[in-house]
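So the structure is just underneath, and the comments pick up after that.
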Number of protein chains: 2
Amino acid sequence: MENQSTEVSAIHEFLSKVEVFKDLPPQSLQIIDKRIKKMSFNKGDKIISEYERAKGVFFVHSGMVKLTKQNEQGNELIVCMKKKGDIFAEACLFNYGDLTYPATGTMIKPGEIYFLSTEDFEQELLLNPELAVQMIRYMGETLRDLTSIMRDIALLDVYTKTMKMLERLAEKFGANRCNRMYIELPLTIQEFSTLIGTSRESVSRVFSKLRKEGLIDIKQKHIIITDWCKFCAVYKNKLM
Amino acid sequence: MENQSTEVSAIHEFLSKVEVFKDLPPQSLQIIDKRIKKMSFNKGDKIISEYERAKGVFFVHSGMVKLTKQNEQGNELIVCMKKKGDIFAEACLFNYGDLTYPATGTMIKPGEIYFLSTEDFEQELLLNPELAVQMIRYMGETLRDLTSIMRDIALLDVYTKTMKMLERLAEKFGANRCNRMYIELPLTIQEFSTLIGTSRESVSRVFSKLRKEGLIDIKQKHIIITDWCKFCAVYKNKLM
DNA sequence: GAATAAATGTGATATTTTACACATTCTTGT
DNA sequence: ACAAGAATGTGTAAAATATCACATTTATTC
C-alpha cells in the first residue's frame with residue numbers, strides 16, 4: 001500500500017513535467033515508469049553525440065541541454081535548447097538501421113535526464129495512440145520553430161538576428177519581473193554566437209551596443225532585458 | 001464488383017506513392033480514399049499560404065512544391081522542396097487553436113496534390129497506430145534534414161553552401177545517367193539562391209565558376225552535374 | 001514568331017562580417 | 001583568496017558578400 005502510493009506520486013510528479021505523457025492511461029505510465037532510467041548530469045557533461053549510434057529518447061526532468069551540430073570543419077551550431085519537460089533525440093524513432101543521434105547534447109545547467117530506449121518507447125507508441133498523437137504534436141511544433149529560426153539565420157543581419165534570438169530566448173526561458181526579463185539560461189556570448197551562426201566578436205559588439213542603449217545587462221552568464229517594453233518597441237521598429 | 005475492383009486499384013496506386021500509408025489496413029485506406037480530395041495545380045499556383053489558417057495536410061501525388069517562409073522585410077527562404085510521395089503541412093497536426101500553415105507552398109512543377117482535412121487525418125491517426133508511427137518516422141526524418149541544412153546555411157561560405165546544396169538536390173532529385181546527374185527539378189538561379197539564403201548574384205558567380213570548371217551545366221532551368229565522380233571529388237576535397 | 005517580360009552574367013563599388021591581436025575581466029578550483 | 005584558465009571587449013585590417021547597374025540571354029504570351 002505504502003509502495004503503491006509512492007509509486008503513483010512518483011509517476012504523477014514525472015507526468016507533470018513531460019507534456020507528451022499527460023493523456024496516458026495509468027497502466028502505460030507505470031510501464032514507462034518502470035522502464036525509464038534516471039540519469040544525473042553535471043554542467044558540461046555530454047549526454048549524446050551526433051557521432052554515436054542512437055539508442056533511445058531523452059526527457060529533461062531538470063537542468064538544461066544544448067543540442068549542437070558540427071560540420072566537417074569542426075564549427076558548430078546550437079540547433080535547439082531544451083528545458084524541463086522537453087524531449088530530445090526523438091528524430092530517430094522508427095528510423096530503422098544504425099542511425100546516429102541527430103545532434104550532440106550537452107548539459108549547460110546540471111540536472112536530471114530520463115532515458116527510454118528506442119524499443120521501449122516505440123512499443124508504447126504503438127500501444128497508445130494518445131501518446132503517438134502527443135509526439136506528432138510535439139514534433140510539429142519543433143518543425144515550425146526550426147524553420148522560423150532557419151529563415152532568420154539565413155536572411156537577417158547580425159544585429160537583427162541577435163535581437164530576434166533574444167526575443168525567442170525570452171519567450172522560452174524568460175521570467176518577467178517588473179518589466180525586467182530574466183533569461184534563465186546560462187549562456188556565454190560565445191555560445192550565443194553559435195546560436196545564430198556568427199562570430200563571437202560580432203555578437204559581443206551588438207551586446208555592447210545594446211548595453212550602451214540600456215536594453216540589456218549580463219550577470220553571471222544570464223542575460224537580462226532590463227526594459228522589456230522598450231526592448232519590444234525597438235525590436236518591432238527594427239523589423240519594419 | 002466492377003466498382004470494387006477499380007476502387008481497390010485506385011487505392012493501391014495512391015498507396016504506392018505515399019510511404020506513410022504503406023502499412024495501413026485496407027479498411028482505413030478506403031476511408032482515407034473516400035475523404036481525400038484530389039486537386040490539380042499549374043506551375044506557379046499557390047497551394048497554401050503561411051498567413052492562412054491551417055485546414056489540412058497535403059500529399060504530393062505528382063509535380064513538385066516549394067515551401068517558403070517570408071520574414072517581415074518580405075525576403076524569403078525555401079525551407080523544403082517536396083516531390084512525389086512527400087507530405088506537407090503536417091506540422092499543424094494536433095496543434096489546436098487557429099494556427100496558420102507553417103510555410104507557403106507553391107507549385108514549381110505542375111501536378112496533383114491530395115488534401116486531407118486536419119480532422120479526418122487526426123481521426124485516422126488516432127485509430128491507426130501504424131499510420132501514427134509512419135508519421136513520427138517521417139517527421140523525424142524531416143527534422144534531421146532541416147537541422148543539417150540549417151547548420152550548413154549558418155556556417156558555410158557561399159561556394160561551399162552551393163556545392164552542398166547541389167549535392168543534396170542530386171541526392172533527392174537526381175537521376176544518374178552515365179555519370180551525368182540530372183537534377184529533375186525546375187529551378188531558377190534566383191530560386192536556388194533563396195534555398196541557401198544568399199543573393200542571386202553570388203550564386204550566379206559560383207555557377208559561372210562551376211560551369212567554367214566543367215562541373216555543371218544548366219538546360220531549361222534544370223541543373224546537370226556533368227561529371228558526378230569529379231563533382232564528388234571536388235566536393236569532398238573542399239570539405240577537408 | 002514577334003513582342004514583352006523575366007532571368008542571368010558580370011564589373012564596380014559599398015557594406016557587412018570575420019579574423020587577428022591583445023589587454024582586460026570574469027570563473028573556477030584548490 | 002589566489003592563481004590559472006576561460007571568456008570578453010574592442011581597434012584595425014582583411015575578406016566575403018551584397019548592392020547597383022546594365023547589357024544580354026532566355027522564357028512566355030498573344
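Letters go in sequence order (proteins before strands), and every chain restarts at 1.
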Check whether the ring centres of B/Phe21 and B/Tyr114 lie less than 6.0 Å apart, and answer yes or no. no
Any base atoms under 4.0 Å from B/Glu201, or only sugar-phosphate, or nothing? Heavy atoms, all strands. base
Would you say a side-chain N or O of A/Ser199 is under 4.0 Å from OP1 or OP2 of C/dA19? no
Check the pair B/Asp152, B/Met165 against side chain to side chain contact (heavy atoms under 4.5 Å, CB included), reporting the backbone distance first and the verdict last. CA-CA 9 Å; B/Asp152 294 339; B/Met165 188 52 79; over 6 Å; no
Considering every strand and a 4.0 Å limit on heavy-atom distances, what is the contact class for A/Ser208: base, sugar-phosphate, or nothing? sugar-phosphate
Is the distance from OP1 or OP2 of D/dT8 to the nearest side-chain N or O of A/Gln190 less than 4.0 Å? yes
Measure from the side-chain heavy atoms of B/Lys43 and tell me the nearest of C/dA19, D/dT28, C/dT8. D/dT28
Taking the side chain as every heavy atom from C-beta outward, state whether A/Leu155 and B/Gln73 have any pair of such atoms under 4.5 Å apart. no
Output the single nucleotide from D/dT17, C/dT17, C/dT8 whose closest atom is nearest the side chain of B/Asp157. D/dT17
What is the nucleic acid contact for A/Ser202, judged by heavy atoms within less than 4.0 Å: base, sugar-phosphate only, or nothing? base
Within the pair B/Arg211 and C/dG9, is there a side-chain N or O less than 4.0 Å away from OP1 or OP2? yes
Comparing B/Gln220 and A/Ser204 on DNA chain D - which has the more 5′ nearest nucleotide: A/Ser204
If you check the B/Arg200 side chain, which of D/dT8, D/dT17, C/dT8 turns out closest? C/dT8
